[in-house]
Structure formats: structure tokens, C-alpha cells
Amino acid sequence: MGMEMKHFQITLLLSCCLAAAAAAGIGCSSDADAIADVARSLARPPSTWTAGGGDACSFKGVTCSPSGRVTAIDLAGQGLAGTLPSSLSSLTALESLQLQGNVFSGAVPPPRAPSLTRLSLEGNAFTSLPEDLLRATPALRSLSTDGLPLQPWPFPDAIFSCLPSTPSRPPTPDGEPDRHLPSYNHLQGPVPAFSPAVAADVVAGNGFCLDAPGPCDAQVSALLQVAEGFGYPLNLSRSWTGNDACSGWLGVICDASEVTILGLTNYNLSGTMWPAIANLTGLRKLDLAGNRLTGEIPDALAALPSLSLVDVRNNRLTGKLPKFWASVDVSAEGNSPSLGSHYGSGQR
């Protein structure tokens with residue numbers, strides 16, 4: 001009995017201490033450390049933010065719970081530059097993170113906040129998102145990434161796999177299951193096949209090749225793989241829609257329903273040239289000059305039977321030119337010196 005009473009007294013004393021600390025605004029030391037790390041990582045932090053620590057709950061844009069846990073950070077539109085420290089992942093009580101309209105760069109740390117409902121990143125220069133972002137944030141309801149120079153990221157697969165196999169809310173009064181609406185996001189490719197228990201409205205506002213699950217046309221599939229190599233730029237996402245690549249797609253010219261020219265000069269494209277370009281077997285001219293492409297020119301291009309022009313000037317390509325036939329005019333100035341400027345004469 002005496003031991004039980006002592007245990008009760010110790011527990012009661014600890015509870016009282018924690019309550020007193022919360023009332024005094026002391027908060028969680030790990031949260032305060034994370035906010036201090038953010039302040040240190042910024043080129044010009046907000047005036048109320050101090051890299052030496054302090055009461056993080058008093059910083060402008062920081063909201064805390066009664067227990068002193070950081071639940072929201074709002075730094076939108078302040079022109080802030082810098083990177084996000086990995087310690088940001090320790091803010092496990094975070095419910096809202098708004099960083100839009102700044103010039104943050106680097107990688108977004110993996111969130112460990114099961115209550116996070118809003119994440120706004122648009123208008124920054126983040127270069128990567130965590131692969132498990134959506135699975136690690138089961139409560140997420142709003143994700144904004146417009147304008148980020150991201151490498152290809154399997155966002156559609158991730159979000160579709162997060163949809164439950166049964167409705168997440170009770171059926172509506174007319175008996176229909178709740179609808180999940182990943183609409184108006186410029187998604188491309190085949191329409192995903194959902195479980196029969198999910199009534200998904202995904203066609204509106206997207207650019208799927210068909211209105212129902214099924215494979216895309218071969219030329220459409222090839223061009224979408226090319227777009228994947230470029231990171232699915234928005235200008236292509238808006239234009240390359242439907243199942244006919246010859247129906248006015250940006251930079252695509254056809255002859256007798258066959259893609260013969262792909263011309264995307266000075267479109268500020270980044271990423272790499274994927275070998276899928278060689279699946280456009282009728283291609284005669286490929287013009288990707290004046291972009292920011294990296295990596296090597298795929299060797300598979302040299303096998304295209306009708307190819308007569310390859311213009312990749314003023315990019316950031318490396319490696320060596322594929323062994324094109326002498327009849328192919330290749331221009332590659334403004335890249336790595338190893339590419340040279342023209343292939344030259346003579347057969348390969």
C-alpha cells in the first residue's frame with residue numbers, strides 16, 4: 001500500500017509540473033529547438049524569430065496548443081530564402097504548414113505529423129518531396145505544390161493508393177458512397193482503376209487519355225514518358241491531353257496521324273531526355289534547343305529510320321553523341337564539350 005501511495009504521489013507531482021510548465025508557456029523543448037533550427041537556416045528570418053531559442057510560441061506565424069506544442073506555422077508570402085532543417089520532422093503535433101510565396105530551396109523534410117491537414121509549398125524552389133509524404137500524413141486534406149521545380153514524383157499513384165477501399169464517411173442520403181475528388185489537377189495518362197467501393201470523380205479538369213480505365217494510344221504513351229523525363233511541366237500538362245497526339249498538342253506536328261516533329265525550343269524545360277522518344281518511330285525532326293536539359297542523349301534515337309534533324313543546342317547535356325547516320329544533321333553547341341557541335345560526315 002505504501003509503494004502504491006508513493007507511486008501515486010510521484011505521478012501527481014509530475015502531472016502538476018507539466019501543467020505548470022504549460023501554463024508558463026515553456027512548451028516542448030524539441031519543438032522550440034526545431035523552430036530555432038528553422039530560424040538559423042533562413043537567410044533573413046522574420047524579426048521575431050531568434051536562432052538562439054526562446055519561447056517559440058511567441059514567434060510571429062507560430063501557433064501553439066495549450067500544452068505548448070507547435071500546431072501551425074504560417075510564413076506565407078514573406079520572401080524568405082533558405083532550406084528547411086531535418087529537425088522540422090520533430091514537430092509531430094503540426095496541423096498546418098504554410099510556406100507558399102517564398103524562395104525556399106532544397107528538399108522538404110519528411111513529415112512526422114499525423115494530424116497535418118494543410119501543407120502549402122507553392123511558389124518556392126523546393127527540389128524534392130518525401131516519397132512517403134502522403135502515407136505519412138493520413139489527415140492531409142490540402143497539398144499545394146504549384147510551380148515547384150520537382151523531379152518526377154509519383155504523386156498520382158501515391159494519392160490513389162491512399163484512397164480507402166471502402167467509403168471514409170457514411171453513404172449520402174441517396175445511398176451513394178462518399179466521393180473522392182482528385183479533379184482539376186492536370187493529371188495525365190490512363191484513368192486509374194478504383195475499387196468498386198470507391199465512387200471516384202477524376203475526369204473533370206484533368207487530361208487523362210480516356211474517360212475510363214484502359215491503355216493510351218502508343219504515341220500518346222511515348223510522349224507522356226517524354227514529359228515524365230521533363231518532370232511533367234505545366235505547359236505540357238495543359239496541352240498534352242486526350243488520346244490523340246495529333247490534335248494540337250504543343251510542339252507536336254504530325255503527318256498522316258503520325259508524329260513527325262517534336263519541337264520544344266526555349267520552353268524552359270529541365271530534366272532528362274528519356275529513351276521513350278525513340279518510340280515515336282515516324283519522328284523526322286527533334287528540336288529541344290534552348291532549355292536546361294541534363295544527362296545524355298539516348299542512344300536509341302540513332303535507330304529512328306526517318307530522323308533527319310536533332311537540335312539540342314544550349315542545354316546542359318553531357319556524355320557523347322549517339323552514332324547517328326551521316327544524313328542526320330545534329331547540332332549540340334552550348335552543352336558539354338564532349339558532345340561536340342556536329343556529328344560530322346561519314347557513316348556510323
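Please read all numbers here as calculations on a predicted model, not as lab measurements.
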Backbone of S144 reached by a side-chain donor or acceptor of S120 within 3.5 Å:
no

Within the side chain of D33, is there an N or O that forms a donor-acceptor pair under 3.5 Å with the backbone of D31?
no

Joint hydrophobic cluster, V226 plus I261, side-chain heavy atoms closer than 4.5 Å
no

Would you say the side-chain atoms of T71 pair up with the backbone N or O of T63, donor to acceptor, closer than 3.5 Å?
yes

Looking at every heavy atom in both V328 and L307, which two are closest together, and how far apart are they?
CG2-O, 3.3 Å

So, using side-chain hydrogen bond (donor to acceptor under 3.5 Å, both in side chains) as the criterion, who are the partners of D37 when residues are at least two apart?
R40, S87

Between F126 and F104, what is the ring plane arrangement, given parallel below 30°, perpendicular above 60°, and tilted in between?
parallel

What heavy-atom pair brings W240 and L223 nearest, and what distance separates the two atoms?
CZ3-O, 3.1 Å

Treating D329 as the side-chain partner and S331 as the backbone partner, does any N or O pair qualify as donor plus acceptor under 3.5 Å?
no

Surrounding CZ of R292 (heavy atoms of other residues, nucleotides or ligands, distance under 6.0 Å), is the total greater than 12?
yes

Which pair of non-hydrogen atoms, one from T48 and one from K60, has the smallest distance, and what is that distance?
OG1-N, 3.0 Å

Of all heavy-atom pairs linking A56 and A32, the shortest is CB-CA, 4.1 Å

Kindly write out the residues that satisfy salt bridge (Lys or Arg N to Asp or Glu O under 4.0 Å) with D255, not counting sequence neighbours, or none if the list is empty.
R284

Side chain to side chain contact (heavy atoms under 4.5 Å, CB included) between K285 and D311: does it pass, once the steps are laid out?
CA-CA 8 Å; K285 297 181 180 180; D311 191 345; over 6 Å; no

Does W249 reach the main-chain N or O of T241 with its side chain, forming a donor-acceptor pair under 3.5 Å?
yes

Side-chain heavy atoms under 4.5 angstrom apart, residues restricted to Ile, Leu, Val, Met, Phe, Trp, Tyr: same cluster for V259 and Y267?
yes

Would you kindly say whether R69 and T92 are connected by a side-chain donor-acceptor distance under 3.5 Å?
yes

Hey, could you give me the CG/CD distance between L283 and Q219, rounded to the nearest 0.5 Å?
9.5 Å

CG (N243) and OG (S221) are apart, to the nearest 0.5 Å, by 7.5 Å

Testing L88, L91, V70 for side chain to side chain contact (heavy atoms under 4.5 Å, CB included) with L97, which one passes?
L88

Within this structure, what is the CG-OG distance for the pair L293 and S270, rounded to the nearest 0.5 Å?
7.5 Å

